[in-house]
2 protein chains.
Amino acid sequence: MIVDPSADDRLDRAFMALADPVRRRIIARLSRGPATVNELADPFEISKQAVSKHIQVLEHAGLVTRTRDAQRRPVHLDPAALEALTAWIDRYRLIHEQQFRSLDSLLAESTTAEASSEASDPAVGEAGRRTEEERS
Amino acid sequence: MIVDPSADDRLDRAFMALADPVRRRIIARLSRGPATVNELADPFEISKQAVSKHIQVLEHAGLVTRTRDAQRRPVHLDPAALEALTAWIDRYRLIHEQQFRSLDSLLAESTTAEASSEASDPAVGEAGRRTEEERS
DNA sequence: CTTGTAATCAACCAAATGGTTGATCAATGA
DNA sequence: TCATTGATCAACCATTTGGTTGATTACAAG
C-alpha cells in the first residue's frame with residue numbers, strides 16, 4: 001500500500017492516464033469547464049461506474065481535481081499537470097533538434113578548417129547518424 | 001495486417017506508447033541520437049527481446065523510424081510525432097485557460113468601478129457554470 | 001423517516017500488456 | 001562453408017486494465 005508520491009511517478013501516471021481515449025475525451029470535455037460524473041458519462045456507452053474509475057485515474061495522476069456540491073462531485077481540469085507533460089515531451093524533442101543543429105555546424109566547420117575539436121563529443125549520436133541515410 | 005489508417009488512431013498509439021516508463025527512457029536516449037537495439041537494451045535489466053517489443057510499439061506509433069546498417073537496425077527519433085502530442089495537450093490546456101480569461105473579464109466588467117478583485121476564487125465561479133449541461 | 005439521486009465500493013471477468021525463454025532469420029567475416 | 005553477431009519470431013505466463021453488475025454510502029427533499 002505504498003503511496004509513493006515521487007514526482008517522477010506522477011509524470012508516469014499522467015502519461016498513463018492520457019493513454020486511454022475515453023480519458024482524453026474527458027479531458028477535452030473538462031477543458032470547457034467542470035462537470036459532474038453523470039455529465040461526463042453521458043456521451044459514452046459505458047457505465048457510470050466505469051467513467052467514475054476513469055476519473056479516479058485522472059485524479060490520481062493529478063490531471064483533475066474534485067470539489068463538492070451537495071451529492072455532486074464536480075470535476076475540474078488542472079492545467080498545470082498537462083503543462084508538465086508538454087514540458088517532458090518538448091525537452092527531448094528540442095534536444096533532438098539541437099543535436100541536428102550541432103551536427104550541421106560541425107560539418108560546416110570541418111570544411112573551413114581542420115577538425116581537431118573532437119574534444120568532448122558525447123555524440124554517439126553522431127556516429128550513429130552516419131549509419132543512417134538509407135533508402136526511405 | 002491493417003496498416004494504421006486513421007490519424008486519430010495514430011495519436012492514440014502515440015499516447016499509449018509514452019505511457020510506459022521504459023519507452024520514455026528509450027525516447028530520452030534517442031533524443032541524443034540514433035541507437036541500435038543492443039545499445040538501447042543495455043541500460044535496462046530486461047531482456048533484449050522485451051526492448052525489441054518496446055521499439056516496435058514506438059515504431060507503430062510513429063514515434064521512431066528504423067533504418068538498416070548491416071545486421072544492425074538503428075532506431076531514430078521522429079520529432080514530428082512528438083509535436084503532435086504536445087499539440088493535442090496544449091489545445092485543451094489553452095482552451096481551459098481561455099475559459100478562465102473570459103470568466104475573469106466577465107467578473108471585471110461587473111465591477112468596472114474598481115479593480116478590487118484579486119482573481120478571487122474562480123473555482124466558485126466555475127461551479128455555477130454547470131448550467132451548461134447537455135443532458136439530452 | 002422515507003424516497004430519490006449522485007457517486008462509489010466490491011466482486012468478478014475478458015482482454016491486453018509486459019515480461020520470459022528458446023528457436024529462427026539475416027548479414028558479416030573467418 | 002560455418003560460426004558469430006544483431007535482432008526478431010513464437011509460445012507461454014503473470015499482472016494489469018477496462019469493463020460489467022449489484023450493493024452501499026452520502027445528501028437533499030418530501
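Bear in mind the structure is a predicted one, so any value in this text is a computation, not a measurement. Naming: A, B, ... by sequence-line order, numbering from 1 per chain.
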Within this structure, what is the [atom1]-to-[atom2] distance between [X] and [N], rounded to whole angstrom?
| X | N | atom1 | atom2 | answer |
| --- | --- | --- | --- | --- |
| Arg73(B) | dA27(C) | CZ | C1' | 9 Å |
| Ile55(A) | dA6(C) | CD1 | P | 14 Å |
| Ile26(A) | dA7(C) | CD1 | P | 13 Å |
| Leu18(B) | dG18(C) | CG | P | 12 Å |
| Asp69(A) | dA7(C) | CG | P | 9 Å |
| Asp20(B) | dT17(C) | CG | C1' | 9 Å |
| Leu58(A) | dA7(C) | CG | C1' | 16 Å |
| Glu39(A) | dT5(C) | CD | C1' | 14 Å |

Inset, instruction - Record whether the side chain of Gln49(B) comes under 3.5 Å of the base of dG18(C) through a donor-acceptor pair of N or O atoms. - result: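 There is none.
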Inset, instruction - Please figure out whether Arg68(A) or Val22(A) has its closest DNA chain D nucleotide nearer the 5' end. - result: Val22(A)
Legend entry - Most 5' of Ser52(B) and Ala70(A) on DNA chain D, judged by nearest nucleotide: Ser52(B)
Under 4.5 Å between any side-chain heavy atoms of [X] and [Y], yes or no?
| X | Y | answer |
| --- | --- | --- |
| Tyr92(A) | Arg24(B) | no |
| Arg29(A) | Glu39(A) | yes |
| Arg73(B) | Thr36(B) | no |
| Arg66(A) | His76(A) | no |
| Gln49(A) | Lys53(A) | no |

Inset, instruction - Please determine which of Val57(A), Leu63(A), Val64(A) meets the side-chain contact (heavy atoms from CB on, under 4.5 Å) test together with Arg23(A). - result: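 The side-chain contact (heavy atoms from CB on, under 4.5 Å) with Arg23(A) is passed solely by Val57(A) among Val57(A), Leu63(A), Val64(A).
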Legend entry - dA7(C) phosphate, OP1 or OP2, under 4.0 Å from Arg66(A) side-chain N/O: no
Legend entry - Gln71(B), nearest nucleotide to its side chain (from dA26(C), dG22(C), dG18(C)):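 Nucleotide nearest to Gln71(B)'s side chain: dA26(C).
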Legend entry - SB check Arg13(A) Asp9(A) (cutoff 4.0 Å): yes
Legend entry - Contact boundaries on DNA chain D for chain A, cut-off under 4.0 Å to non-hydrogen atoms: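 In short, chain A contacts DNA chain D from dT17(D) to dA28(D).
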